[in-house]
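Report on the following structure.
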Amino acid sequence: MLDIKFLRQNIDGVRAKMADRGQSLHFDLFLELEAKRRDILMAVETLRGERNEASKTIGELKKKKQDASQLMEKMADVSARIKEYDESLRTVEEELQAFVLTVPNIQHHSVVVGGGSEDNPVVRTWGEKPVFNFEAKQHFELGESLNILDFARGAKITGARFTVYRGAGAALERALFNFMLDLHTEAHGYTEVLTPFMVNRESMTGTGQLPKFAEDLFKIEGMEYYLIPTAEVPVTNIYRDEILEEDQLPIYHVAYSPCFRSEAGSYGKDTRGLIRQHQFNKVEMVKFTIPETSYDELEKLTANAEEVLKRLGIAYRTVSLCTGDLGFSSAKTYDVEAWLPGQNTYREISSCSNFEDFQARRAAIRFRRKDTGKVEFVHTLNGSGLAVGRTVVAILENYQQADGSVIIPEVLRPYMRGRKRIPA
RNA sequence: GGAGAGAUGGCUGAGUGGCCGAAAGCGAUCGCCUGCUAAGCGAUUGUACGCCCUUUAAAGGUGUACCGCGGGUUCGAAUCCCGCUCUCUCCGCCA
């Protein structure tokens, strides 16, 4: 959410920025509502001031046993008017809020203007793509032939986009998120948290999933609880409605969680395999920083995500999302894309974003400056470190052998009781 | 699931209709004092949104709101009434 005052005072600049993001919003309506809101507010506050004054007088009169009935009658009338104003104020504020919640974040000046993913500039590439003297298979072929991924049973138990992992497959998934958690806690300084996997409406609104993206979420029947689409939601909301001390910042958290996404609107996309599931595991990194350091922290965060792939020995490239591809709440996002030989393409495996104060304002996460004592919004960042299911995909495809077996990357072997290979 | 108790500022905790944005204590900040430390003394100590002033800054002035959340009663609500949420205690059930 943008600051209403900022929006009011910089309306033309914001309009231009939104145009670059391919957004046209009813800013005129906003200005109208905002002016209306202030008019009503002034009127109602004046009346309230009057009433407070009169009530005091009434109290004094009564104490002196004097008649106050005339004034009381008058104030009954004033109270009725206040009530009317309150009602229209509430209406206007609701409309205003509804509008502001649909305005995306303003992109950082370094973000390239573009239409879609084809316009994302590549920031860097790392690693050697493996060369095979056979035709590389896709991960779902490998997974099925190795009897470690069972898509048919997943579909039977629940439905499409659900999978059963078996044996070495299940062990690999578990090894991966343990490895990732250990790496980020021990080498990168993150504090691990384990959160609820269902959250309430306020939390979803705080990070920006609601109200705009309700159709992407799974909601619990009969309650205002939602399954989390990412650990970003519960982890960011840990500090909702809190004022932190500057000394506490930056805060680094890393969390494992399953993620639940309805994938509405992606029918027919990535229907086979682990790429696009309704439920998948992810290790998520979340940072809370002071505003001055958030872009440095974004670089570090992205490097932390990349480090996972480096240690796993998987080639990747990092792109900076252009305006057309940038998420609603993000000011700047790097996507880390792992090389998938089976698909002969790079696929997103991590998305690292700086939300600046956009989420913090929605979620009221603030901090107190040490030198001035002033309260300000923190900056929030998050990034996958990494999407575990997609990492399994990358490992299967990159480490596949001519005989159909898959070598286990060395760093994972301690997490798999020394196992070196998933035999064909 | 049943019975009861509770929710007040950074924390502890008073307050049962007006003098309460809220006592007191703790903590914190600033200053004084002090050979150092401790102690002591004094001052300050929430957030949000308006308006005025101002260079659309800061500071300042002023108003309004906020005592779990939402309604109601009343000239006036932290205080009375209703609903909800959460916490605690006891009983039952349960991984």
Side-chain angles (χ1 to χ4, degrees), chain A residues 1-15 30-97 99-100 194 196-206 220 222-226 234 237-249 251 291-292 357 360-378:
Chain A
M1 179 168 80
L2 299 177
D3 180 22
I4 286 187
K5 218 186 292 175
F6 174 85
L7 204 49
R8 191 205 310 155
Q9 290 167 357
N10 301 277
I11 196 77
D12 292 324
V14 175
R15 212 192 292 258
F30 163 77
L31 288 176
E32 224 171 89
L33 286 171
E34 171 57 12
K36 200 165 157 195
R37 178 189 143 254
R38 274 180 298 156
D39 285 348
I40 299 173
L41 194 61
M42 254 193 284
V44 74
E45 286 193 351
T46 308
L47 283 181
R48 258 199 259 268
E50 247 174 68
R51 185 177 70 182
N52 287 349
E53 205 55 45
S55 292
K56 214 175 279 180
T57 311
I58 290 167
E60 278 158 22
L61 287 176
K62 286 202 161 180
K63 205 173 271 175
K64 289 187 234 154
K65 306 267 190 216
Q66 291 176 0
D67 177 50
S69 57
Q70 211 182 333
L71 197 49
M72 280 166 66
E73 244 170 71
K74 200 172 146 202
M75 283 308 114
D77 188 52
V78 168
S79 281
R81 281 170 64 201
I82 288 174
K83 208 175 221 176
E84 280 170 35
Y85 274 123
D86 272 340
E87 223 141 278
S88 49
L89 185 63
R90 199 176 56 197
T91 310
V92 170
E93 282 183 339
E94 274 169 14
E95 288 175 54
L96 208 50
Q97 188 71 0
F99 171 80
V100 174
L194 184 62
F197 301 148
M198 290 183 211
V199 301
N200 57 30
R201 165 166 278 277
E202 288 71 36
S203 293
M204 283 296 185
T205 305
I220 303 301
M223 303 181 84
E224 280 291 324
Y225 287 178
Y226 299 82
N237 277 283
I238 289 175
Y239 302 105
R240 174 154 52 86
D241 294 321
E242 293 192 23
I243 299 176
L244 306 166
E245 295 304 322
E246 188 176 348
D247 289 347
Q248 292 175 258
L249 301 173
I251 294 171
E292 299 90 295
D357 62 7
R361 184 172 293 107
R362 285 178 162 238
I365 306 170
R366 294 170 295 173
F367 77 103
R368 194 183 303 279
R369 288 267 180 205
K370 209 175 177 181
D371 49 352
T372 61
K374 290 293 234 175
V375 174
E376 272 179 63
F377 290 109
V378 302

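Order of the sequence lines fixes the chain letters, A, B, ..., with proteins taken first and strands second; residue numbering starts at 1 for each chain. Quantities reported herein were computed from a predicted structural model and do not represent experimental measurements.
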Below 3.5 Å is the cut-off: list the nitrogen or oxygen pairs between protein and nucleotides 61-66 of chain B, distance only.
{"unit_1": "B:G63", "atom_1": "N2", "unit_2": "A:Glu45", "atom_2": "OE1", "d": "3.0"}
{"unit_1": "B:G63", "atom_1": "N2", "unit_2": "A:Glu45", "atom_2": "OE2", "d": "3.2"}
{"unit_1": "B:U64", "atom_1": "OP1", "unit_2": "A:Asn52", "atom_2": "ND2", "d": "3.2"}

*Nucleotide-level pairing of RNA chain B, given in dot-bracket where Watson-Crick and G-U pairs need both distances under 3.5 Å and | marks other strands*: ((((((((.[[[..)..(.....]]]((((((.......))))))(((((((.......))))))).[[[[[..)....]]]]])))))))....

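- Within the 4.0 angstrom heavy-atom criterion, only backbone atoms of the sugar-phosphate kind lie near A:Lys83; the bases stay farther away.
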*Could you please spell out the steps behind the side-chain contact (heavy atoms from CB on, under 4.5 Å) verdict for A:Ile243 and A:Phe367?*
CA-CA 5 Å; A:Ile243 299 176; A:Phe367 77 103; 5.7 Å; no

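- Residue A:Gln9 is the one, among A:Glu73 and A:Gln9, whose nearest nucleotide of RNA chain B lies closer to the 5' end (criterion: closest heavy atom).
- At a cut-off of 3.5 Å, with distance as the only test, a side-chain donor of A:Ser203 or A:Asn200 sits close to an acceptor on the other residue.
- No more than 12 heavy-atom neighbours from other residues, nucleotides or ligands sit within 6.0 angstrom of OH on A:Tyr225.
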*asked:* Is there a side-chain contact (heavy atoms from CB on, under 4.5 Å) between A:Asp86 and A:Val44? Walk through the geometry before answering.
replied: CA-CA 7 Å; A:Asp86 272 340; A:Val44 74; 3.8 Å; yes

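- Protein atom CG of A:Asp247 is 17 Å distant from nucleotide atom P of B:G10, rounded to whole Å.
- Spacing between atom CZ of A:Arg201 and atom P of B:C69 amounts to 20 Å, rounded to whole angstrom units.
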*Output, in order, the C-alpha distance, side-chain angles, deciding distance and verdict of salt bridge (charged side-chain N to carboxylate O under 4.0 Å, His left out) for A:Glu202 and A:Arg240.*
CA-CA 9 Å; A:Glu202 288 71 36; A:Arg240 174 154 52 86; 5.3 Å; no

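- A:Gln248 places a side-chain N or O within donor-acceptor distance of the main-chain N or O of A:Glu245, the cut-off being under 3.5 Å.
- Residue A:Lys62 is classed as a base contact, given a heavy-atom separation below 4.0 Å to a base.
- In this structure, A:Ala54 reaches neither bases nor backbone, as no heavy-atom distance under 4.0 Å exists between it and the strands shown.
- The pair A:Glu93-A:Arg37 counts as a salt bridge, with a side-chain nitrogen and a carboxylate oxygen less than 4.0 angstrom apart.
- Mapping A:Met72 and A:Ile243 onto RNA chain B via the closest heavy atom, the residue that lands nearer the 5' end is A:Ile243.
- A donor-acceptor contact shorter than 3.5 Å links the side chain of A:Arg362 to the backbone of A:Thr205.
- Considering only heavy atoms from C-beta on, A:Val14 comes within 4.5 Å of A:Phe6 through its side chain.
- Rounded to whole angstrom, the span from the CZ atom of A:Arg368 across to the P atom of B:U29 amounts to 13 Å.
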